[in-house]
Amino acid sequence: MQSRALTSEEYYVESEPYYEATGDEIAIFEAAYQNKLPVLLKGPTGCGKTRFMEYMAWRLKRPLITVSCHDDLTASDLVGRFLIKGGETVWVDGPLARAVRAGAICYLDEIVEARKDAIVVIHPLADDRRVLPMEKLGTLLQANDDFCLAISYNPGYQSVLKDLKQSTRQRFVALEFDYPSADLERKIVAKESGVDTALAEKLVKFAHMTRNLKGSGLDEGASTRLLVHAGKLIASGVEPIAACRSAIAQAITDDAEMLAAVRELSTSLF
Ligand code: ADP
């Protein structure tokens with residue numbers, strides 16, 4: 001089957017995504033958007049950043065183009081490249097160029113994972129020039145007025161290699177994300193997974209226990225995403241301890257002792 005490029009129309013978020021605000025992030029994002037300021041979402045994995053972007057795209061009625069950055073991601077992957085099609089050389093826009101032209105919201109998830117040239121290519125887009133250099137075409141693409149750039153970054157990894165440079169971060173309005181408060185997280189887990197409130201509360205307690213182990217054997221505690229996964233398994237009939245093992249413990253560590261310790265925590269609760 002031949003693949004085809006999706007048009008920006010196909011990236012509209014059609015129905016309202018379920019999103020529980022944890023602070024003033026909606027108002028700040030909206031104000032940043034109106035002022036054409038790019039936004040940086042800081043926070044650990046699985047705490048609601050992607051869901052927030054889906055919600056904002058729906059609210060602002062803009063298409064959302066998301067790119068998950070990885071260590072092989074180059075500027076060409078974002079901007080575009082020449083491809084041979086039917087014997088002819090044609091230019092194909094990358095996702096960032098498509099968003100810039102169409103006035104979409106482009107969300108570059110985990111930007112520090114990308115290669116340096118990919119990070120640098122967003123600089124002129126992220127200041128008041130709002131242009132995308134298309135080196136291979138020898139042109140500068142002026143962003144559509146509705147275009148918005150958002151990036152995410154997890155400051156918790158604390159590695160020089162995975163640090164966001166000041167020259168990059170100082171172009172963005174930064175929104176800090178963290179796991180929701182216990183009450184809110186219980187509500188989210190119950191709503192997203194279908195378990196009752198009492199069970200959601202236990203899962204949240206379990207998450208807090210694992211989060212307290214961060215830095216003493218665990219890189220990260222259980223995220224809201226993992227609680228939702230465990231909740232879904234439980235709602236489908238899996239025993240809570242087995243669900244916590246598969247959806248949470250095994251997802252956060254490979255260390256046998258740590259797995260045993262996390263299992264102890266789950267047996268004390270369920
Ligand atoms: P991130 O992008 O930060 O890694 P996600 O946005 O994918 O995390 O969040 C993971 C899951 O957690 C979501 O799919 C959703 O089920 C749930 N979630 C987290 N925070 C919220 C929130 N504030 N409102 C609604 N759902 C949330």
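Side-chain atoms are counted along with the backbone in the values below, which use heavy atoms only and exclude waters and symmetry mates. Each ligand, and each atom within it, is numbered from 1 in the order the structure gives.
Of the N and O atoms on the side chains of Ser152 and Asp109, at least one donor lies less than 3.5 Å from an acceptor on the other residue. Inspection of the Arg186 and Thr197 side chains reveals no N or O donor paired with an N or O acceptor under 3.5 Å. Judged by distance alone, the side chains of Tyr11 and Arg62 never bring a donor and an acceptor atom under 3.5 Å apart.
Near Thr45, meaning under 4.0 Å from one of its heavy atoms, ligand 1 places the atoms 4 (O). Counting atoms of ligand 1 from 1 in the listed order, those under 4.0 Å from a heavy atom of Arg51 are 6 (O), 13 (C), 14 (O), 15 (C), 16 (O), 26 (N). Close contacts of ligand 1 with Tyr19, meaning ligand atoms under 4.0 Å from a residue heavy atom, involve 22 (C), 23 (N), 24 (N), 25 (C).
At under 3.5 Å, not a single nitrogen or oxygen of Val228, backbone or side chain, sits near a nitrogen or oxygen of ligand 1. Backbone and side-chain nitrogen or oxygen atoms of Cys47 are examined, and one is located within less than 3.5 angstrom of a nitrogen or oxygen of ligand 1. On a distance-only criterion, Gly48 and ligand 1 share at least one N/O pair closer than 3.5 Å. Residue Thr224 has no N or O atom closer than 3.5 Å to an N or O atom of ligand 1.
Lys191 and Glu20 are not joined by a salt bridge, as no carboxylate oxygen comes within less than 4.0 angstrom of a charged side-chain nitrogen. Ion pairing between Glu176 and Lys42 fails under the 4.0 Å rule for side-chain N and carboxylate O. Between Arg98 and Asp93 no salt bridge is recorded (no basic side-chain N to carboxylate O distance below 4.0 Å).
Looking at Ile188 against ligand 1, only its side chain comes within 4.0 Å, counting heavy atoms. In Glu192, the part holding a heavy atom less than 4.0 Å from any atom of ligand 1 is the side chain. Residue contacts with ligand 1, taken as heavy atom pairs separated by less than 4.0 Å, involve Tyr18 via backbone and side-chain atoms alike.
Each of Tyr19, Tyr18, Tyr107 was evaluated against Phe52; a single residue qualifies, Tyr19, per the ring-ring contact (aromatic ring centres under 6.0 Å, His included) test.
If you check which protein heavy atom lies closest to atom 7 (O) of ligand 1, you get Arg225 NH2, 3.4 Å. Distance from atom 2 (O) of ligand 1 to its nearest protein heavy atom, with residue and atom name: Thr50 OG1, 2.5 Å. Protein heavy atom nearest atom 23 (N) of ligand 1, with residue, atom name and distance: Glu20 O, 2.8 Å. Nearest to atom 1 (P) of ligand 1 among the protein's heavy atoms is Gly46 N, 3.4 Å.
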Dump the intermediate steps for salt bridge (Lys or Arg N to Asp or Glu O under 4.0 Å) on Arg51 and Glu54, then the final yes or no. CA-CA 5 Å; Arg51 181 61 65 87; Glu54 288 165 355; 3.7 Å; yes
